[in-house]
Amino acid sequence: EKLETLARSFEDAGIKTETELPTVRPSWSGLLKAAEAEGADLIVVATRSKAQLKRVFVGSTVEELIRHASQPVLTVGPNVPAAMEGPLDFKRIVYATDFTTEAEEAEQAVLSFARHGGASVYVCHVIDCKANPAEAPAEGEVRASLEGLIARSPLGEYGCELAISYGEPAEAILTLAEKVRADLIVMGPRKRSFWLTLVKRGVSLDVLAGAKCPVL
């Protein structure tokens, strides 16, 4: 009944809607199967509470989705204000990269928004100097890597700004996003082993927990 009510609200806005209620465990696997069956280009999911994201033992639906989906997952965290009336435009995008394959794949989503919406893109890398300060790369080395990334990518056509920070990655990304009044944060989460999930929550979940804008 709730799904049908929600579907009607979309249809009232002129959006064609179909409902589906997978009854499998775990729930995230049913959502992924439905997305694959429909050939979905995007999965949108919201987190219901801050407490869910603050758990040490993270095994939530949203984490499993962002780590296993083959499509981009647009997440709306507990600190994101209600959307205003009218079209939702992503005009200021923070693209956080750690130069991994996952981050490179996320770049395609950034390009899509930049091409269609004329967005300003802030390409961000955080030098995590808290864990091993002596092993942290020099800022000049990181800047050269970012400039090389932009030179090899169509992103260079959109006047990207480079942002290099030191410290804890999630905190630095959130600080930059608030400073530039970002409409969207884009990241490429890594797949992690079960045991690492139990020991340490990833940067993506920390960003989602604190972000005041959607995170892709």
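Both backbone and side-chain heavy atoms feed into the values below; hydrogens, waters and symmetry mates do not.
Using a 4.5 Å cut-off on side-chain heavy atoms (C-beta onward), V126 and E168 make no contact. No side-chain heavy atom of M187 sits less than 4.5 Å from a side-chain heavy atom of I66. P214 is listed as a side-chain neighbour of V80, based on a closest heavy-atom distance under 4.5 Å. No side-chain heavy atom of K2 sits less than 4.5 Å from a side-chain heavy atom of T5. The closest side-chain heavy-atom distance from S165 to L176 is not below 4.5 Å.
Tracing side-chain contacts under 4.5 Å through hydrophobic residues (I, L, V, M, F, W, Y), one never reaches F10 starting from L3; they form parts of separate clusters. In terms of hydrophobic clustering, with Ile, Leu, Val, Met, Phe, Trp and Tyr side chains grouped at heavy-atom distances under 4.5 Å, F99 and V121 are assigned to a common cluster. By the rule that hydrophobic residues join a cluster once side-chain heavy atoms approach within less than 4.5 Å of another member, V44 and V186 end up as members of one cluster.
Of all the heavy atoms in L174 and G210, the pair that sits closest is CD2-C, 3.8 Å. The two atoms that bring V94 and A177 nearest to each other are CG2-CA, 4.0 Å, heavy atoms only. Heavy atoms only, all atoms of each residue included: L42 and P72 are closest at CD1-O, 3.4 Å. Scanning all heavy atoms of the two residues, the minimum distance from A211 to V215 falls at CB-CG2, 3.7 Å. I93 approaches A119 most closely through the heavy-atom pair CD1-CB, 3.8 Å. When every heavy atom of P78 is checked against every heavy atom of A209, the shortest pair comes out as CG-O, 4.0 Å.
In this structure, L65 CG and L74 CG are separated by 12.0 Å, a value rounded to the nearest 0.5 Å. Between the SG atom in C160 and the CG atom in L155 there is a gap of 4.5 Å [rounded to 0.5 Å]. Rounded to the nearest 0.5 Å, atoms CD1 (I185) and CG (L208) are 9.5 Å apart. From L216, atom CG reaches atom CD1 of I43 across 11.0 Å, with rounding to the nearest 0.5 Å. Within the model, atoms CD of E104 and OG1 of T97 stand 7.0 Å from one another, a figure rounded to the nearest 0.5 Å. Between the CD1 atom in I150 and the CG atom in L162 there is a gap of 6.0 Å [rounded to 0.5 Å].
The pair K91-D183 fails the salt-bridge criterion, with no side-chain N (NZ, NE, NH1 or NH2) lying under 4.0 Å from an Asp/Glu carboxylate O. Using a 4.0 Å cut-off between charged side-chain N and carboxylate O, E178 and K212 make a salt bridge.
In this structure E105 satisfies the salt bridge (charged side-chain N to carboxylate O under 4.0 Å, His left out) test with no other residue, sequence neighbours excluded. Taking E20 as the reference, P22, A34, E38 meet the side chain to side chain contact (heavy atoms under 4.5 Å, CB included) condition, with sequence neighbours excluded. Taking the salt bridge (charged side-chain N to carboxylate O under 4.0 Å, His left out) definition, one finds that R8 meets it with nothing, sequence neighbours left out.
Not a single donor-acceptor pair under 3.5 Å links the side chain of H125 to the backbone N or O of I164. Counting only distance, with no hydrogens or angles, the side chain of Y95 and the backbone of A103 share a donor-acceptor pair below 3.5 Å. Looking at R152, its side chain does come within 3.5 Å of a backbone N or O of G148 through a donor-acceptor pair. The backbone N or O of E141 lies less than 3.5 Å from a partner atom in the side chain of S145, making a donor-acceptor pair. Under a 3.5 Å cut-off, the side chain of R92 and the backbone N or O of S120 do not form any donor-acceptor pair. D41 places no side-chain N or O within donor-acceptor distance of the main-chain N or O of Q71, the cut-off being under 3.5 Å. T17 contributes a side-chain N or O that, together with a main-chain N or O of I15, makes up a donor-acceptor pair within less than 3.5 Å.
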**Asked** Should V203 and E171 be marked as a side chain to side chain contact (heavy atoms under 4.5 Å, CB included) after you check the CA-CA gap, both sets of side-chain angles, and the distance that decides it?
**Response** CA-CA 9 Å; V203 174; E171 181 180 334; over 6 Å; no
**Request:** List the steps and the verdict of salt bridge (charged side-chain N to carboxylate O under 4.0 Å, His left out) for R143 and E147.
**Result:** CA-CA 6 Å; R143 184 170 296 278; E147 290 174 347; 5.0 Å; no
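For the residue pair E36/S70, the side-chain donor-acceptor check at 3.5 Å is satisfied.
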